[in-house]
A.B. asks: 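Sending over a structure as structure tokens; questions will come in a sec.
Chain letters run A, B, ... following the sequence lines, proteins first and then strands; every chain starts at 1. Predicted model only: the values in this text are computed from it and were never measured.
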Protein chains: 2
Amino acid sequence: MDILERSYPGRRAELKRAILRAGLECFNAQGIEATTIEMIRSGCDTSVGAIYHHFGNKEGLVAALLFAAMEDQASLRQQYLATAQTPRDGVSALVLSYVDWVADQPEWARYQFNARFVVANGPHKEELVARNRARNQQLQEWFARACAGDKLTSLPYELVPSLIIGPAESYCRAWLSGRVASSPRVYRETLAEAAWRALGVA
Amino acid sequence: MDILERSYPGRRAELKRAILRAGLECFNAQGIEATTIEMIRSGCDTSVGAIYHHFGNKEGLVAALLFAAMEDQASLRQQYLATAQTPRDGVSALVLSYVDWVADQPEWARYQFNARFVVANGPHKEELVARNRARNQQLQEWFARACAGDKLTSLPYELVPSLIIGPAESYCRAWLSGRVASSPRVYRETLAEAAWRALGVA
DNA sequence: ATTAGATACAGAATATTATTCTGTTACGGA
DNA sequence: TCCGTAACAGAATAATATTCTGTATCTAAT
């Protein structure tokens with residue numbers, strides 16, 4: 001099942017998906033700013049009118065792609081969390097789901113890194129923070145339940161997320177930009193262990 | 001001493017610096033893609049001809065700002081490394097210099113995060129990787145000398161940089177985008193300790 | 001089955017914006 | 001002092017995003 005099929009299912013959305021697919025390809029190949037509407041149009045053999053009808057403008061297309069990527073990533077995370085029991089399992093689920101998603105969908109991951117900032121101060125910034133808030137909500141609920149009241153670590157709460165996925169994110173980024181050779185999947189367990197160590201739970 | 005004074009010193013470069021200053025402000029306020037040359041022009045009261053004369057095109061201005069930021073950040077890192085003796089000190093120097101630089105120059109740091117990807121697949125990508133290579137060179141030299149032959153950790157080399165600065169970078173990014181409240185400076189020591197723990201040196 | 005009302009699409013027309021070009025001025029060394 | 005070069009201005013041009021108008025297709029109610 002394709003990422004786009006999930007976010008935009010059905011026969012009616014066929015062209016919409018084709019536009020998104022072409023957009024993803026162009027944005028990754030040329031960079032977001034450098035790709036023109038005409039490139040995307042020719043990439044899926046449609047008209048500019050259709051593109052603007054479905055997405056409003058270039059920013060809208062950029063944002064739609066980012067949201068699709070984030071939803072898919074979050075859904076994998078929820079899958080992994082569903083089978084986790086202990087806090088230790090939870091931390092692993094976060095790191096492993098992150099790494100596996102990037103390794104499975106490198107093109108989407110690459111796009112996500114690039115697009116986040118563009119969207120973050122474009123016209124869809126409110127929608128972005130709203131969606132982020134909703135996702136964080138889910139996460140907090142899981143940990144609240146798993147930790148059952150007692151604190152996971154003595155570290156300040158706002159620091160914890162960065163300690164957990166910071167290294168994985170950094171490595172994935174390095175991989176996508178070609179600075180390192182090995183797929184992050186090679187280090188999935190190592191990264192999960194390092195994250196747990198970083199939390200410093202005795 | 002201003003960052004721009006360092007990269008573009010002297011009276012002759014006054015307008016050049018003014019353009020860069022205006023560019024930084026616009027890019028951070030509106031996003032890189034959304035800022036027009038006209039906005040920058042009016043921001044420093046010059047002509048489009050002058051801007052193109054000094055930087056060739058918009059990409060050139062974007063890249064010049066990024067390179068200035070990276071040079072300044074690297075220079076602070078070298079300062080911190082200069083007084084470090086042990087490998088443990090070296091890791092601290094990396095984390096602390098990173099955190100302090102972001103806290104000192106939040107506008108430059110914010111810009112750096114955004115611009116890296118734009119430049120990474122724009123026309124200056126070769127120059128970017130060349131500069132990165134040169135900087136990594138310096139770093140490796142320090143650690144080769146400090147570790148004096150024996151290995152710092154059993155972890156694979158390509159993973160180490162991500163373990164060290166991944167969390168700091170992640171937290172700094174969260175701070176700049178307003179997702180967390182406390183300045184990263186508050187956690188500078190904590191982040192340095194966590195980085196060391198993550199390396200898992202017994 | 002028919003039709004009103006929407007939605008989907010095409011492509012020309014327009015508006016914005018990046019870039020170039022031509023000319024003028026200031027500067028620095030022979 | 002004068003020649004060559006770099007610095008700047010601003011109009012002209014080119015590339016690109018966006019809008020607009022028209023046509024076809026679909027959906028749902030009668």
Side-chain angles (χ1 to χ4, degrees), chain A residues 4-5 7-66 114-115 118-119 121-124, chain B residues 4-5 7-66 114-115 118-119 121-124:
Chain A
L4 288 173
E5 294 277 348
S7 289
Y8 301 94
R11 197 191 99 263
R12 296 291 305 278
E14 197 139 343
L15 177 58
K16 206 161 189 171
R17 289 195 299 273
I19 295 170
L20 288 162
R21 233 185 311 274
L24 179 65
E25 192 168 321
C26 290
F27 289 147
N28 273 340
Q30 334 273 335
I32 293 177
E33 175 154 20
T35 72
T36 71
I37 296 292
E38 165 60 20
M39 291 175 190
I40 296 171
R41 191 208 59 76
S42 81
C44 54
D45 194 50
T46 181
S47 64
V48 293
I51 296 175
Y52 279 86
H53 170 70
H54 283 290
F55 300 103
N57 53 26
K58 191 175 164 184
E59 274 289 337
L61 175 55
V62 169
L65 276 169
L66 176 66
N114 295 5
V118 176
V119 176
N121 41 18
H124 295 83
Chain B
L4 288 173
E5 294 278 349
S7 289
Y8 302 93
R11 196 190 100 262
R12 298 289 306 274
E14 196 138 345
L15 178 58
K16 205 161 190 169
R17 290 196 298 273
I19 295 171
L20 287 162
R21 232 185 311 274
L24 179 65
E25 190 169 322
C26 291
F27 289 147
N28 273 340
Q30 334 273 335
I32 293 177
E33 175 154 19
T35 72
T36 72
I37 296 292
E38 165 60 22
M39 291 175 191
I40 297 171
R41 190 208 58 78
S42 81
C44 54
D45 195 51
T46 179
S47 63
V48 292
I51 296 175
Y52 280 86
H53 170 71
H54 283 290
F55 301 102
N57 53 25
K58 192 174 163 183
E59 273 290 338
L61 175 55
V62 168
L65 276 168
L66 177 65
N114 294 6
V118 175
V119 176
N121 40 19
H124 295 82

A.B. asks: Whole-Å distance between C/dC9 C1' and A/His53 NE2?
C.D. replies: 7 Å
A.B. asks: Ignoring hydrogens, what is the shortest heavy-atom contact between B/Val62 and B/Ala115? Give both atom names and the distance.
C.D. replies: CG1-CB, 4.3 Å
A.B. asks: I would like to know whether B/Leu66 and B/Val118 meet side chain to side chain contact (heavy atoms under 4.5 Å, CB included); could you show each step before the answer?
C.D. replies: CA-CA 10 Å; B/Leu66 177 65; B/Val118 175; over 6 Å; no
A.B. asks: With a 4.0 Å heavy-atom cut-off, tell me which residues in residues 13-20 of chain B come close to DNA chain C, sorted by residue number.
C.D. replies: none
A.B. asks: For A/Ala50, is there any backbone N or O sitting under 3.5 Å from a side-chain donor or acceptor partner on A/Arg41?
C.D. replies: no
A.B. asks: Given atom CZ of A/Arg41 and atom C1' of C/dA10, what is their separation to the nearest angstrom?
C.D. replies: 10 Å
A.B. asks: Using whole Å, what does the distance between atom P of nucleotide C/dT19 and atom CD1 of B/Ile40 come to?
C.D. replies: 11 Å
A.B. asks: Can you check each nucleotide of nucleotides 14-29 of chain D against protein heavy atoms at under 4.0 Å and return B for base, S for sugar-phosphate only, - for none, in 5' to 3' order?
C.D. replies: --SSBB------SS--
A.B. asks: Identify each donor-acceptor pair in which a side-chain atom of residues 22-33 of chain B lies under 3.5 Å from a protein atom, sequence neighbours left out, and give them as a table.
C.D. replies:
from    : atom 1 : to       : atom 2 : distance (Å)
B/Asn28 : ND2    : B/Glu107 : O      : 2.9
B/Asn28 : ND2    : B/Glu107 : OE1    : 3.3
B/Glu33 : OE2    : A/Lys58  : NZ     : 3.0

A.B. asks: Measure the CG-CD1 distance between A/Leu20 and A/Ile51 for me, rounded to the nearest 0.5 Å.
C.D. replies: 10.0 Å
A.B. asks: Measure CD1/B/Ile32 against C1'/C/dT17 and give the value in whole Å, please.
C.D. replies: 17 Å
A.B. asks: For B/Lys16, which of B/His53, B/Arg21, B/His54 qualifies under side chain to side chain contact (heavy atoms under 4.5 Å, CB included)?
C.D. replies: B/His54
A.B. asks: Between atom CZ of A/Arg17 and atom CZ of A/Arg11, what is the distance when rounded to the nearest 0.5 Å?
C.D. replies: 10.5 Å
A.B. asks: Nearest 0.5 Å please: distance from the CD1 atom of B/Ile37 over to the OG atom of B/Ser47.
C.D. replies: 11.5 Å
